[in-house]
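Below: the structure, in structure tokens.
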Amino acid sequence: MKKIEAVIQPEALEKVKEALFDADIYKMTVHRVRGCGQQRGYSESYRGKIYQVNLLEKVKLEIAVNEEFVKPAINAIIKGARTGNIGDGKILVTDLNQCVRIRTGEEGNGAIG
Amino acid sequence: MKKIEAVIQPEALEKVKEALFDADIYKMTVHRVRGCGQQRGYSESYRGKIYQVNLLEKVKLEIAVNEEFVKPAINAIIKGARTGNIGDGKILVTDLNQCVRIRTGEEGNGAIG
Amino acid sequence: MKKIEAVIQPEALEKVKEALFDADIYKMTVHRVRGCGQQRGYSESYRGKIYQVNLLEKVKLEIAVNEEFVKPAINAIIKGARTGNIGDGKILVTDLNQCVRIRTGEEGNGAIG
Amino acid sequence: MKIKRLPIIQRALNGRLALKALCSIILLPMIAVAANAADGVGAGTVDKSVSCVAGDVLFLFIGAVLVFSMHAGFAFLELGTVRKKNQVNALQKILVDWAVSTVIYFVIGYPIARGMDGFMCKAGQLGSMDGIELIRFFFYLTFAACIPAIISGGIAERAKFGPIMIANACLVGVAYPVLERCLWWDPDFMGVGKAIASLGGGVPFTDFAGSVVVHSFGGWLALPAILLLGPRRRRYSDGAPSVSNIPFLALGSWILCVGWYGFNVVSAASVEGVSGLVAVNSLMAMVGGILASVIVSKNDPGFTHNGALAGLIAICAGSAVVHPLAAFAIGAIAGLIFFFMFTIETERFKIDDVLGVWPLHGVAGSWGGIAAGIFGNVKLFGATKDLNFFVQLAGTVFAIALALVSGFVIFGLAKFVMGIRLSEHDEIIGADRAIHNIEAYPEDVL
Amino acid sequence: MKIKRLPIIQRALNGRLALKALCSIILLPMIAVAANAADGVGAGTVDKSVSCVAGDVLFLFIGAVLVFSMHAGFAFLELGTVRKKNQVNALQKILVDWAVSTVIYFVIGYPIARGMDGFMCKAGQLGSMDGIELIRFFFYLTFAACIPAIISGGIAERAKFGPIMIANACLVGVAYPVLERCLWWDPDFMGVGKAIASLGGGVPFTDFAGSVVVHSFGGWLALPAILLLGPRRRRYSDGAPSVSNIPFLALGSWILCVGWYGFNVVSAASVEGVSGLVAVNSLMAMVGGILASVIVSKNDPGFTHNGALAGLIAICAGSAVVHPLAAFAIGAIAGLIFFFMFTIETERFKIDDVLGVWPLHGVAGSWGGIAAGIFGNVKLFGATKDLNFFVQLAGTVFAIALALVSGFVIFGLAKFVMGIRLSEHDEIIGADRAIHNIEAYPEDVL
Amino acid sequence: MKIKRLPIIQRALNGRLALKALCSIILLPMIAVAANAADGVGAGTVDKSVSCVAGDVLFLFIGAVLVFSMHAGFAFLELGTVRKKNQVNALQKILVDWAVSTVIYFVIGYPIARGMDGFMCKAGQLGSMDGIELIRFFFYLTFAACIPAIISGGIAERAKFGPIMIANACLVGVAYPVLERCLWWDPDFMGVGKAIASLGGGVPFTDFAGSVVVHSFGGWLALPAILLLGPRRRRYSDGAPSVSNIPFLALGSWILCVGWYGFNVVSAASVEGVSGLVAVNSLMAMVGGILASVIVSKNDPGFTHNGALAGLIAICAGSAVVHPLAAFAIGAIAGLIFFFMFTIETERFKIDDVLGVWPLHGVAGSWGGIAAGIFGNVKLFGATKDLNFFVQLAGTVFAIALALVSGFVIFGLAKFVMGIRLSEHDEIIGADRAIHNIEAYPEDVL
Ligand SMILES: Nc1ncnc2c1ncn2[C@@H]1O[C@H](COP(=O)(O)OP(=O)(O)O)[C@@H](O)[C@H]1O
Ligand SMILES: Nc1ncnc2c1ncn2[C@@H]1O[C@H](COP(=O)(O)OP(=O)(O)O)[C@@H](O)[C@H]1O
Ligand SMILES: Nc1ncnc2c1ncn2[C@@H]1O[C@H](COP(=O)(O)OP(=O)(O)O)[C@@H](O)[C@H]1O
């Protein structure tokens, strides 16, 4: 089992969700986050005081999947989120030791979906 | 060392916290997130425009623990969060390589609690 | 590749960012979270009803790095976040299997920065 | 005021409303007016010069606008005090209750209160000489509509929309006008006013701007509703705060405070009666309420902003009579009353009165009625005239009794016939999603 | 009113404004006034006693303050309805449009509307006898400035700031005053009023407080602007909600509702004309709008709070004439109009009218103008006098036609010359960051 | 006005207040009034017919309500400008300062200002003939209470609650009334008014509605407080934005703008003096302030909404005198003053004036006082009468001097005796939690 984490542009969320649904991936957890990367920030000003905003609004998805879904999930995310512009985001994959469905207590591969 | 991540219903947070405290687990980090799973979303409407909400409010806990606390933590979470209804949530467990207490620089098992 | 997660005081964010930039680490994702640990909570009251707040405002950073940056990243975070007071926070490190840059599809070590 | 009975309206109301509220809402008036217009003639007796009337109309107009604006205050005070998932519901309740109150008070409430047959005459008559009667209706409507607005704050976050609205309509249409008539307009009505006054050797019951008639009645009406509903889910098992937005709460309180000067000062009803004393008494009572609350509550914003209201509520009755320093004392005590009674009510007796409308409007309002009997004393407290303590007490008790009876009957019936409480599921997801199908900050859904 | 032409002003305006707006803003008046002060003498004819004038000044003052406050209502109604990233922009548009409207209406708009040469005389004259004319200017300015405020709601979230501001200035400075003069002040002006009245045998066109002159005109002006702009990015491909803050939306609606009583009642323009009928008709129409909306929209807060406004918009025209029950019907129908027309406009025809200003101000306003011709009937509907349906229809159509022509010409020119739409990038990041360099809740940036 | 000394009050105030504020708050007035009621008789001289007085009472009442509402504006302007963790504190400060100001101004401030012995007579006298004096007290209280409200904005986010409140009470109770008396009511008082007028050959100092007496004084009082407090932690080392909520900021500004028409127009103090010129001058100055700010600040919402206020502040002094175009210029320059002086103050000199009250009220107010001497010129600028530049300058400088002296003495004493700054820990967690034990949006705690 793997955990996929993807940071994307907020604008892209709708499309990424669709692409994931198309790939039969229906479960995910979504965070509003702020990110800093190659994409330049911008400056704002209030009554003459200028301040730099270098943490930009992003959305982060977390998806726990069985191995066979890793590739499809990554592809779906890329499909929904790629615009070719800096700031499109990043996908990270980590190992998952265990997964438990709280409602049933079910564990492992079966619990993930 | 393991990292336990649990997505639960916001309603359940209070009880889960209590159950964890009862299990001598006092440290955690909590996120407000939105989740999508078996639980159906709902539709809202504003001035005639209907839109689907399929990302529901959830709370995510992150708990870093030493091995011997993994089972108790999972049990505590289940105890506090289970209602038997769809949407109760999920628990994920991953390996943790290292843990550092910023205040002291302490590392490893001792730093976790 | 490793994923570093650090929970710090909101006050410390500015300094931690600076310290990371100084260590040539420019990419990160930031969450507003709430944390519970050794640091005592506080109580608030509204019209006579007292309630305990034991989840305190914190900021969590996530940074994916190649191995050689793990130590510098941890040091930078400590440098920026340590005040010596309870509540300074914690750093967790986990293995990262894979990293994909959405914009280019690039994978692995090269995609991380 | 030329008065005409309009049987068509009555029949139409009975026959159709149940079936096709919407259609009748639109068609009915057309028919009714048409049927009626043909035969209405003759103006009322004119007892003031035109320019005087203009002055009074303007005066009442200013009052009506100020008190109408207070309803926005009710809306935001409730919105700020309830949890985020019930904010839209607070707004909708206040607005729709206002609308329903207008209709019912126009059709039956005001005629009952004033002992006349109604407004169903030609606009020509309504508009020229009798414009004063129309604006008076508007002004007193702004008081009548406080009844559901007060109740709304007590039963927030768990009540059904329609059943409560219907119950409120009955209260504004019948119960409140009866009280209004007994205590304000017609001492002979059912003999109540006379009986009360007889306790004080003929000194009449005085409630200048409605401490008793409006606030106390509203607050004591809310109590049965709150008891019949029961506390919100987990209100007494959970440690979570149940207030969402102090700035909106404060905004509501500010709007109420500002509008209140219309409530009190314009209650003179005629521009010649405008009185600096009433204005300054209102001010002093408000300030008394603020200071007492801020001290006793240790600077709690909820108590302080409500303390201002407590002071204003308590001074309504005696504001034309008592000395400004007495007004200060009345307000300060009202602030304390709210502080202690709210705590006792909601924490000791576990009566889940969300905004605290019973201690605020009910108890502080009753205190206001009685306080006028204490401080309304020329010799001792420098009042402008002497009021009678027992008369004030009796009038206050009468209002409480009527409130409790009407409240238990009407909300009891509503509970029995329609149910007045949201389902558990609806309460969990919040009234906003359950009833209005939307949240207060829709973009937050991601 | 003593009138003086001031050629210096005109020349100065032409010559400098384009180049150095700021300098001229400050220096110009000094020069102009100085140049002028030397030779102005002679007071206007005085036709009222001083104390009467004081009464009227006070009356218009109250009206001006109330309607001025409505502009805060416009700001918050829009702020609540747009997405968070365009909230600051909503605030800035309303405030700056107000300022620009004041200047242009002072300099040319009001003089055109009233057929006089302008205000460029000595303050001594302006202030003493003629203070009434100044406060009248203020009062009617509050109406004129509604034009950009109405348009603003339709074109929100994607329009450029400067070009729209300039287009609005033309509308407030010329188009609106021409309409105002034709339909309100001067039946002989270009023969329009006379021609319209001739359709009804001389019964003049009646628009007491501006259903047609203000609201309908504003709403129909917005339509071309909206069409020329096109819908917001993804408005019709995305499932996301596009409303950010129901409490602020409701606050805006409440402020508008309260201020509206100034809009309608003070339209009598003289304190002797103050009328309880106008106040209660406004009330009844508002309530009709609320009730119809709440029923038909299934308790939707957006429709309900706008329904109140629809009722108030529709009653402006006939509020001094129709029966209160007719007012109720007019308001209820206006509520339905808004509900259905908004849905048809934005969902069927995919015209992205953000706040729904065309159905709200345009269609409900037109309905108000026509409705006065239907319900303004003494025999059938108990009105205070008879209006003529065809006259009302013709006046309404005239306003629509003028609005469409002016709107397409002026916004068309603006689009052609300057461009009126934000770049895609700016629209994505939001007008707040793009134009104002700040977000509504700056602390949220972390 | 019948006047009676009331030694009991004085003694009571001295003896008890320190020990048991709360008890005395409630008991004191009762005793005092009782003690006093017995012997008070005799009405003041009546110099107006009853109906005239009613008109004036109504007029002052309208003004008092409008200016009272401005205090809500102060609250929300500050709430929106400070960081989220200090929003509740902003609300509480304004409300409690209002209450304290009322008490102190009633007991000593107003009597000092007007040179009379106080209000401790029977309500009968207060209410009937002398109601006008009471409402006048209320109206001028709304001005006096601006002093702490202005200061509050400058010292936000780091000041202690109690000590500042006590210092404010001294200012409202003594310092401000002395200035008010010198410049408004009594040219003979300490010879100040006469001395100033002598500079201009007897032309008296003119400050119609308080540019100098209220705003400039308040702004220059704030400066010592700000300097004695020092900047907020990290204000000059951190890159974070320090403004939380533009919509509330704008709401505050709107409320202030609307109420301001009461501030200026009702300063005529008698309905016969109501003037369209004052209203339109206020309007033009506000608009000038908006336009100058929006241009020079590149459409910044903070500057624009404060620019409107700068214009209104600057026009108070000369609004009954200058020509509307001069008013526009005065307002526009005030807008620029705020822009440049705020930047110089807070960025160059690193004086952490949170809302910018010194440049806004202090400098723009002083500009207003002086500008009246420039534009108050019949020949050159078409004013209604000639004012004298040097007189205006001298009056303005006198107010500044008095402000600086009182400010340094009183806040200096407060700092020395009680300390005026929150601990570092309290400043970090925010005044809301530290002082009020609650946050502005309590549900956000999870
Ligand atoms: N190494 C990393 N660790 C954590 N988050 C990252 C990392 N790299 C990128 N991100 C997240 O992805 C977002 C987009 O990355 P960015 O570098 O701007 O664009 P791109 O990936 O297209 O080069 C960042 O704002 C940040 O939230
Ligand atoms: N595979 C997954 N990956 C990420 N989050 C998940 C996954 N499965 C469940 N979740 C989270 O858990 C929540 C509850 O899951 P759901 O499927 O609705 O209920 P249940 O687990 O009872 O079947 C979801 O809203 C989502 O936030
Ligand atoms: N074992 C843990 N699991 C998850 N989060 C933790 C853990 N330990 C600490 N944290 C996070 O770090 C924050 C600071 O920890 P705390 O114990 O208060 O201080 P310190 O680390 O200085 O002893 C907590 O509020 C919590 O968010």
Side-chain angles (χ1 to χ4, degrees), chain D residues 21-22 25-27 29-30 32-34 36-38 40 50-51 54 57-58 60-62 64-65 68-69 72 75-76 79 87-88 91-92 95-96 98-100 102-103 106 119 121-124 126-128 130-138 161 248 435-438 440-443 445, chain E residues 59 62 66 83-84 240-241 243-247 250-251 254-255 257-258 261-262 265 271-277 279-280 283-284 286-288 290-292 294-296 298-302 304-305 308 320-326 328-329 332-333 336 375 378-385:
Chain D
L22 184 58
I25 271 175
I26 293 158
L27 295 177
M30 304 191 203
V33 180
N36 177 51
V50 173
S51 91
V57 170
L58 178 61
L60 286 165
F61 167 69
I62 292 170
V65 169
F68 172 51
S69 78
F76 283 92
L79 182 154
Q87 289 185 344
V88 169
L91 293 168
Q92 286 291 98
L95 193 64
V96 174
W98 167 270
V100 171
T102 302
V103 171
F106 187 81
F119 278 113
C121 57
K122 280 170 66 174
L126 289 171
S128 58
D130 297 315
I132 183 75
E133 195 64 37
L134 284 173
I135 195 77
R136 198 174 284 148
F137 153 74
F138 190 177
F161 199 89
F248 276 133
I435 300 176
H436 309 287
N437 217 18
I438 192 166
Y441 310 95
E443 273 189 311
V445 298
Chain E
F59 186 56
I62 293 171
L66 281 169
R83 282 167 298 171
K84 216 191 264 181
V243 54
S244 57
N245 198 309
I246 309 281
L251 178 64
W254 269 105
I255 296 173
C257 285
V258 171
Y261 291 89
V265 173
V271 71
E272 288 144 33
V274 67
S275 155
L277 181 64
V280 169
L283 170 67
M284 296 306 274
M286 180 182 80
V287 162
I290 294 169
L291 290 178
V294 79
I295 294 170
V296 81
K298 309 211 183 95
N299 227 329
D300 175 296
T304 315
H305 285 85
V321 171
V322 304
H323 191 279
L325 293 178
F328 184 85
I333 292 170
L336 299 182
F375 291 96
V378 178
K379 281 253 176 58
L380 277 178
F381 297 112
T384 60
K385 66 176 175 188

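Since this is a predicted model, take the numbers as computed values, not measurements. Convention: sequence-line order gives letters A, B, ...; per-chain numbering from 1.
For the side-chain contact (heavy atoms from CB on, under 4.5 Å) with L60(D), the lone residue among L134(D), I135(D), V65(D) that qualifies is I135(D).
With a 4.5 angstrom heavy-atom cutoff, I438(D) touches chain E only via side-chain atoms. Heavy atoms of V274(E) lying under 4.5 Å from chain D belong to its backbone as well as its side chain. When heavy atoms are compared at a cutoff of 4.5 Å, L79(D) approaches chain E solely by way of its side chain, counted from C-beta outward. Both the backbone and the side chain of K84(E) come within contact range of chain D, with heavy atoms under 4.5 Å apart. Contacts between N245(E) and chain D at a heavy-atom distance below 4.5 Å involve backbone atoms as well as side-chain atoms. For L251(E), the parts lying under 4.5 angstrom from a heavy atom of chain D are both the backbone and the side chain. The parts of A279(E) that come within reach of chain D are both its backbone and its side chain, each placing non-hydrogen atoms under 4.5 angstrom from that chain. For a residue to count as touching a neighbouring chain, one of its non-hydrogen atoms must lie under 4.5 Å from one of that chain's; by this rule F68(D) touches chain E with backbone and side chain alike.
Taking chain D as the reference chain and counting heavy-atom pairs below 4.5 Å, the highest number among W254(E), Y261(E), F59(E) is found for W254(E). Each of A64(D), A72(D), S69(D) has some count of heavy-atom pairs under 4.5 Å with chain E, and the biggest count is that of A72(D). Ranked by non-hydrogen atom pairs under 4.5 Å with chain E, the options L91(D), V103(D), V96(D), V100(D) are led by L91(D).
Side chain of T384(E) to backbone of A320(E): a donor-acceptor contact under 3.5 angstrom is found. Listed for the Q92(D) side chain is no donor-acceptor partner under 3.5 Å among the backbone atoms of H436(D).
Using the six-membered ring where Trp is involved, F137(D) and F106(D) have ring planes that are perpendicular, over 60° apart on the 30 and 60° scheme.
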